[in-house]
Amino acid sequence: MFSCSFETSEHAINTMAHITFDTKNIENFVADHEFSEMQPLITMADQQLRNRTGAGAEYSDWVTLPTDYDKKEFSRIQEAAKKIQQESKILVVIGIGGSYLGAKMAVDFLNPMFNNELADEQRQGVKIYFAGNSTSASYLNDLVRVIGDQDFSVNIISKSGTTTEPSIAFRVFKQLLEKKYGADNAKKRIYATTDAKHGALHDEAEIEGYETFTIPDGVGGRFSVLTAVGLLPIAASGANIQDLMTGAKDAQEEYSESDITKNEAYKYAAARRILYDKGYTTELLINWEPSMQYLSEWWKQLMGESEGKNQKGIYPSSANFSTDLHSLGQYIQEGRRDLFETVVKLDEPVSNLDLPHEAGNNDGLQYLEGITIDEVNTKASQGVTLAHIDGGVPNLAVHLPAQDAYSLGYLVYFFEMAVGASGYTFGINPFNQPGVEAYKTAMFALLGKPGYEEATKKFSARLTK
């Protein structure tokens with residue numbers, strides 16, 4: 001038996017259950033009254049978020065984004081995605097950090113695992129490849145070879161247009177476009193997602209005539225997946241971005257109260273803070289589907305860049321089960337008791353498979369015949385959770401009813417709302433990232449960038465010691 005569907009019908013959206021958050025597996029670690037005692041802190045955080053009185057409030061437009069997004073630009077994104085699909089086999093998406101992880105996460109989540117390897121008629125959209133997320137020359141050369149003679153377009157995502165990694169990649173692929181299509185036709189295959197008014201990329205796009213989309217001023221990079229930053233690549237892949245926004249909109253409505261007993265995003269924030277105060281300072285996001293690996297990567301930036309300040313915050317890590325049970329499982333079971341797990345579990349698989357019948361029992365799997373492989377996956381996840389709880393690892397769970405655009409939109413908003421509130425409970429600005437500038441200063445100094453002469457002397461001297 002094999003079934004697979006990546007389409008979501010309108011009827012399914014209208015009757016779909018939303019994600020649920022489960023705290024029953026921390027009952028041995030957290031008492032009910034502790035949630036009640038956390039409520040005043042969560043209420044304060046909620047007021048700071050909704051009244052825009054907290055630190056960094058100018059970057060909190062994501063709170064109302066699912067209902068306040070630019071509908072005209074949204075339509076332009078859908079039209080641009082269709083144009084890319086008609087003209088190209090490949091879209092190269094160039095960006096780093098928040099300009100990369102959200103789109104990569106969603107494209108992987110919403111499409112078959114080996115989508116780029118499928119025949120054209122089996123894919124809903126174009127192949128999506130990502131660049132500009134490292135400074136590796138080998139990576140860029142390998143991607144150029146993969147593109148070969150295939151028609152392709154480029155989506156460059158950068159608010160400033162001067163971020164080193166994406167800027168390097170953009171030069172490479174812009175030149176490739178010009179060589180293949182000529183300078184004028186190359187410009188028609190470049191889509192720039194950037195600042196609405198300022199920056200090097202904005203200015204270049206205006207001069208060259210690239211089609212442009214906006215990174216909103218009030219939405220930071222790690223919260224930007226529901227803007228053009230994520231929506232254009234997601235739509236070009238063939239996924240339904242209207243369903244994605246509908247899920248986020250329903251989540252915005254669901255998580256509109258500060259009461260922990262009614263707002264599961266805030267209950268998650270409260271549970272994390274209670275566990276942190278008890279010494280559980282590392283959180284592992286766990287998935288049981290390989291297509292969710294980049295959900296964890298996106299989540300790690302969202303949590304780590306939002307909370308890791310002033311020597312505070314939960315350290316975000318992740319594990320892909322059951323794969324990592326054979327590498328990290330021993331440590332999780334019996335290592336330091338300073339970590340807890342949040343499991344993102346899919347209740348209904350995208351597709352399923354019966355375990356084939358085989359004569360004899362050489363592999364010892366005869367006892368599993370008659371059940372599906374997803375049933376094995378589910379029982380494995382349940383068993384691992386029980387073992388880890390017995391080993392002293394608190395377990396939280398987020399249940400997804402389906403692996404579709406609606407559920408993903410809901411999940412994105414769930415995590416964003418939780419970290420916004422959680423950040424304020426730590427008394428920090430959840431929406432800036434001052435520490436990120438430290439590595440840039442050292443890198444620019446060693447590369448000899450103009451304006452960094454004093455830093456160049458300092459860092460060069462340290463390397464020669």
Side-chain angles (χ1 to χ4, degrees), residues 45 49 54-56 59-60 62-63 95-106 108-109 130 133-134 157 159 163 165 219-226 229-230 265-266 268-287 292-320 324 328 331-332 336 338-344 393-394 396 398 411-443:
L49 269 179
Y59 292 106
S60 61
W62 57 269
V63 174
I96 195 168
S99 297
Y100 153 64
L101 286 170
K104 171 65 173 169
M105 170 271 290
D108 284 5
F109 186 97
F130 293 87
N133 46 57
S134 75
I157 306 170
K159 194 165 182 64
T163 306
E165 297 90 341
V219 180
R222 58 189 174 275
F223 292 86
S224 67
V225 64
L226 299 179
V229 170
Y266 284 172
Y268 173 52
R272 296 174 75 247
R273 181 57 197 265
I274 294 168
L275 290 168
Y276 174 85
D277 288 342
K278 290 175 180 284
Y280 298 99
T281 56
T282 295
E283 180 178 11
L284 291 171
L285 194 74
I286 306 297
N287 69 75
M292 293 187 193
Q293 178 178 350
Y294 266 84
L295 173 66
S296 296
E297 298 303 317
W298 168 80
W299 173 88
K300 284 191 285 191
Q301 184 193 12
L302 180 70
M303 296 296 180
E305 210 167 64
S306 296
E307 289 185 334
K309 294 153 196 171
N310 303 346
Q311 288 74 56
K312 301 177 183 178
I314 298 168
Y315 180 75
S317 189
S318 63
N320 307 299
D324 285 335
L328 299 176
Y331 187 94
I332 296 171
R336 287 174 59 88
D338 58 358
L339 58 86
F340 66 98
E341 294 173 305
T342 297
V343 181
V344 179
V393 181
L396 302 168
V398 180
L411 184 67
V412 164
Y413 195 83
F414 170 87
F415 281 132
E416 290 180 345
M417 205 66 188
V419 79
S422 179
Y424 282 140
T425 70
F426 282 107
I428 52 111
N429 178 350
F431 307 122
N432 66 354
Q433 51 280 338
V436 173
E437 300 306 315
Y439 94 84
K440 292 182 180 179
T441 297
M443 178 179 70

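Numbers here are sequence positions counted from 1.
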*Grab the two heavy atoms, one from Gly98 and one from Ser224, that are nearest each other, plus how far apart they are.*
O-OG, 3.4 Å
*Look up atom CG in Leu49 and atom CH2 in Trp62, then write down how far apart they are to the nearest 0.5 Å.*
5.0 Å
*Nearest 0.5 Å please: distance from the OG atom of Ser317 over to the CG atom of Leu328.*
7.5 Å
*Under the side-chain contact (heavy atoms from CB on, under 4.5 Å) rule, what do Glu416 and Val63 come out as? Steps first, then yes or no, please.*
CA-CA 8 Å; Glu416 290 180 345; Val63 174; over 6 Å; no
_Just verifying a value: how many Å separate Ser318 OG and Asn287 CG, rounded to the nearest 0.5 Å?_
7.5 Å
*Go through Leu411 and Leu295 one step at a time and tell me if the side-chain contact (heavy atoms from CB on, under 4.5 Å) criterion holds.*
CA-CA 10 Å; Leu411 184 67; Leu295 173 66; 3.9 Å; yes
*Closest non-hydrogen atom pair, Ala265 against Ala418*: O-CB, 3.4 Å
*Which atom pair, heavy atoms only, marks the closest approach of Ala103 to Gly230?*
CB-CA, 4.2 Å
*Between Ser422 and Val419, is there a donor-acceptor pair closer than 3.5 Å when you use the side chain of the first and the backbone of the second?*
no
*Check Ala45 against Thr425 and note the closest heavy-atom contact, atom names and distance.*
CB-CG2, 4.3 Å
*Give the C-alpha distance, both sets of side-chain angles, the deciding distance and a yes or no for side-chain contact (heavy atoms from CB on, under 4.5 Å) between Arg222 and Trp298.*
CA-CA 8 Å; Arg222 58 189 174 275; Trp298 168 80; 5.8 Å; no
*Once you round to the nearest 0.5 Å, how far does CD of Gln293 lie from CG of Leu285?*
12.0 Å
*Any donor-acceptor N/O pair, Tyr424 side chain to Ala55 backbone, under 3.5 Å*: yes
*With rounding to the nearest 0.5 Å, note down the distance linking CD1 in Ile332 to CD1 in Ile286.*
5.0 Å
_Shortest non-hydrogen contact between Met303 and Pro316, atoms and distance_ = CB-CB, 4.0 Å
*Between CZ of Phe340 and OG1 of Thr281, what distance do you get to the nearest 0.5 Å?*
9.0 Å
*Determine, stepwise, if the pair Phe223 / Tyr59 fulfils ring pair (Phe, Tyr, Trp, His ring centres under 6.0 Å).*
CA-CA 9 Å; Phe223 292 86; Tyr59 292 106; 9.9 Å; no
*Taking the inter-plane angle between the rings of Tyr276 and Phe426 on a 0 to 90° scale, is it parallel (under 30°), tilted (30 to 60°) or perpendicular (over 60°)?*
perpendicular
*Thr282 and Arg336: side-chain contact (heavy atoms from CB on, under 4.5 Å), yes or no, with the steps?*
CA-CA 10 Å; Thr282 295; Arg336 287 174 59 88; over 6 Å; no
*How far apart are the closest heavy atoms of Pro394 and Leu339, and which atoms are they?*
CD-O, 3.6 Å
*Would you say the side chain of Leu101 lies within less than 4.5 Å of the side chain of Lys300, judging by non-hydrogen atoms?*
no
*For the residue pair Tyr268 and Phe415, does the interplanar ring angle fall in the parallel (under 30°), tilted (30 to 60°) or perpendicular (over 60°) class?*
perpendicular
*Is it true that Arg272 and Glu283 make a salt bridge, defined as a side-chain N closer than 4.0 Å to a carboxylate O?*
yes
*Validate the cation-pi geometry between Lys104 and Tyr294: distance from NZ or CZ to the six-membered ring centre under 6.0 Å, angle to the ring axis within 45°.*
yes
